[in-house]
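First comes the structure, then the notes that go with it.
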Amino acid sequence: MRPNVKMWIVVLGLAVAAAGCGAPPKADIDAAKAALDQATSAGAGEYAADSLKAVQDAQAALDAELKAQEGKWFASYDKAKELAAAAKTAGEKAVADAAAGKEKAKADATAAIEEAKTLLTEAQALLDKAPKGKGTAADIEAMKGDLTTAGTSITDAEAALAAERFVDARAKAESAKAAATTVKTAIETAMAAKKG
Amino acid sequence: MAIGVAVLMATYGVAYAVGLRRAPVMQAAAEAARAAVADARTADAMTWAPDRLLTAEAALRDGLAAQRVEEMRLWPIPDTQRVVEAFSVAERAARDALGVARESRSSAATAAASLIADAEAAVAASEALATTIHLGAARRALLAQARAALAESRVYEREGDFGNATVRARQAVALSAQMHDHAVAVAARYADGETLARWQRWKDETVAWSRREGRAAILVSKEAHTLTLYDRGKAVKTYRIDLGFNWIADKAHAGDGATPEGRYRVVTRKSRGATIYYKALLLDYPNQQDRADYARARRDGTLPASAGIGGLIEIHGEGGRGRDWTKGCVALTNPDIDDLFTRVGVGTPVTIVGNDSYGAIAEFARQRRTGGALDGRQP
């Protein structure tokens, strides 16, 4: 009786050990998946598309490895661990690249808004100095209205910037720039004509 | 026993060599599939053909798994065909996703470009209308908003965001349409049979008076931007004129910028120094009809209580600017007013009509249902 019990204990121990060796590296896999999710959440799709592709490829390689090991009697997850680590690293890079891309988009939008503000201020200053000769009142009123609309666009652009909608912010800023430039050009032309 | 082991080892060695030769075939298929999926992603298939891209990505994963299974076989000769076939499925799916993405993106780009072109035309038409028809502050703001929406749509188009480009272009078109509707409403008077008949009657009576009395009379045609001097019933000279910034309307109250329509007379001649506009012929606006119209508008509530009837409508100098800038007066160039001054005096009839023939504005109003555009240039 006694030897049989020992034998079963040994067999059971070996089975447990074998099963333990063959378990997928769940923590590594979860970390790789989390890295992909974080990259996506960080806006890598919009701001670091190439880096996100690298993460997706790494994740695909990991998935393939895990699938290949599934159902094997003696599964080895050493390569899966390597791939998971690579996917995690790629994910972290994508998060960093997305942050940098986002900063750049933010800087571009901020610069566009600042340019629009400068142009608007210049246009308003010019309008104040515009020739107030006979019959210019209606034109000046019309230009004031145009600059009011440009000011509204800048306010909208700032709201979009605050909401991290950088393309929207740039679109609004560009439209304000166009309006302010049109008014500036019109006044400068009128002033030049008056001088001439 | 030893021979058996040697044969087994030799066989395995041969199989291993065969397996080594097959591995690059699988790798090449894997690379081709990977490249195809990468191409599809670069073409933004996730936006334009997401289902197809996901299918391709799943097929790529299947191929990679199949490759790994074959690489890990105890028997070293892999089933290359199975792996290559799996990667081929992925490659085909990725090419399909790429094709659909390109087509969808191209269609969206074309649609957006077409809408932006429509918006550009609509805004340009509104700009032309704006130079011809006076816009109040609210409608001026509409035009500015239309321009802003158009500018935004161009930015979105450059960014490849065709959805937002389309939305903004549509806004620009809609805002321009409101402008167009306003222009149609304003222009309708110029196509109204009764109004046209009244203007014609005023003109005929003025010319007849000039013939009968053997004296000078003036006819101002607002749409034509001309002042015609009649003598003894004959047109002897025509001058180009600038008008009120809201000339297309009939004057209703002070400050509306409209040039009045009606039959007036010169009541005062203002020489140099008596006017800031070089020389001027003051008219008897408001006349009896103007006062009656004004009183009716006040009773009907179509005029605010604070609106006065206005006055000081003159034919004066400082004109020739090529645009309508006065508050309702008729402006000639200084040489022209000099010339006119020698030909007319106090009491000269001055008849102001919207038009003395069926003109472009009337035609625009007639075509309103077909979306006709008005040439913004002055005639």
Side-chain angles (χ1 to χ4, degrees), chain A residues 45 49-50 52-54 56-57 59-72 74-76 79-80 83 105 112 133-139 141-150 152-153 156-157 165-179 181-183 193, chain B residues 30 34 37-38 41-42 44 46-47 57-58 60-72 130 134-145 147-156 158-159 161 164-165 168 242 244-246 257 276-277 318-319 321 323-327 329 331:
Chain A
D50 289 341
L52 183 65
K53 278 177 205 161
Q56 288 167 333
D57 286 343
Q59 186 67 43
L62 174 61
D63 289 348
E65 177 63 19
L66 292 172
K67 199 171 176 185
Q69 295 296 342
E70 264 175 26
K72 285 187 72 173
F74 298 102
S76 165
K79 188 172 170 67
L83 291 171
K134 301 151 194 167
T136 56
D139 291 340
E141 277 310 304
M143 288 182 197
K144 272 185 187 165
D146 291 351
L147 292 186
T148 302
T149 305
T152 306
S153 288
D156 291 347
R165 290 184 287 108
F166 302 124
V167 177
D168 291 350
R170 206 145 48 78
K172 298 276 181 197
E174 292 294 338
S175 89
K177 278 165 66 178
T181 305
T182 304
V183 169
Chain B
R34 256 200 208 101
V37 170
R41 283 185 194 144
T42 304
D44 203 9
M46 193 45 96
T47 301
E57 285 178 338
L60 177 62
R61 280 196 296 275
D62 289 347
L64 290 168
Q67 185 185 16
R68 282 296 291 153
V69 167
E70 294 304 323
E71 283 170 357
M72 289 184 298
H134 171 68
L135 303 171
R139 290 192 180 85
R140 185 86 207 178
L142 276 183
L143 179 58
Q145 286 163 21
R147 282 196 215 106
L150 178 60
E152 285 173 32
S153 75
R154 288 186 184 125
V155 174
Y156 285 117
R158 276 203 304 276
E159 293 289 328
D161 183 348
N164 267 321
R168 294 298 191 283
D242 302 338
F245 61 82
N246 184 21
I276 58 168
Y277 298 113
E318 301 286 358
R321 302 184 187 186
R323 63 191 176 87
D324 296 303
W325 55 273
T326 76
K327 291 174 182 170
C329 294

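Basis for what follows: all heavy atoms, side chains included, without hydrogens, waters or symmetry-related copies. Convention: sequence-line order gives letters A, B, ...; per-chain numbering from 1.
- Residue contact with chain A, scored on non-hydrogen atoms closer than 4.5 Å, involves the side chain of Arg147(B) exclusively.
- A heavy-atom distance below 4.5 Å is found between the side chains of Tyr156(B) and Val167(A).
- Heavy-atom distances place no part of Asp50(A) under 4.5 Å from chain B, backbone and side chain included.
- With chain B as partner, the option from Ser175(A), Ala178(A), Gly145(A) having the largest number of non-hydrogen pairs under 4.5 angstrom is Ser175(A).
- Side-chain atoms of Lys172(A) and Glu152(B), non-hydrogen and from C-beta on, do get closer than 4.5 Å to each other.
- Residues Glu57(B) and Val37(B) have side chains in contact (heavy-atom distance under 4.5 Å, counting atoms from C-beta outward).
- Looking at Asn164(B) and Asp168(A), their side chains come closer than 4.5 Å, going by heavy atoms from C-beta outward.
- In this structure, chain A has a heavy atom under 4.5 Å from the side chain of Val155(B), while its backbone stays farther away.
- Judged by distance alone, the side chains of Ser153(A) and Asp156(A) never bring a donor and an acceptor atom under 3.5 Å apart.
- Of all the listed residues (Ala151(B), Ala144(B), Gly244(B)), the one sharing the greatest number of non-hydrogen pairs under 4.5 Å with chain A is Ala144(B).
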The test is salt bridge (Lys or Arg N to Asp or Glu O under 4.0 Å); show your working for Arg41(B) and Asp57(A) and say whether it passes. CA-CA 11 Å; Arg41(B) 283 185 194 144; Asp57(A) 286 343; 2.8 Å; yes
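- Considering CD of Gln67(B) and CD of Glu71(B), their distance stands at 4.5 Å, rounded to 0.5 Å.
- Contacts of Ala60(A) with chain B are made by both backbone and side-chain atoms, with heavy-atom separations under 4.5 Å.
- Using a 4.5 Å cut-off between heavy atoms, Lys79(A) contacts chain B through its side chain alone, with no backbone atom that close.
- Most heavy-atom pairs under 4.5 Å with chain B, from the set Gln69(A), Glu65(A), Arg170(A): that is Glu65(A).
- Residue contact with chain A, scored on non-hydrogen atoms closer than 4.5 Å, involves the backbone and the side chain of Thr42(B) alike.
- For a residue to count as touching a neighbouring chain, one of its non-hydrogen atoms must lie under 4.5 Å from one of that chain's; by this rule Gln145(B) touches chain A with backbone and side chain alike.
- For Asp62(B), the parts sitting under 4.5 Å from any heavy atom of chain A are the backbone and the side chain alike.
- The main-chain N or O of Arg321(B) is found under 3.5 Å from a side-chain atom of Asp242(B) such that the two form a donor-acceptor pair.
- Of the atoms belonging to Thr149(A), it is side-chain heavy atoms, and not backbone ones, that fall under 4.5 Å from chain B.
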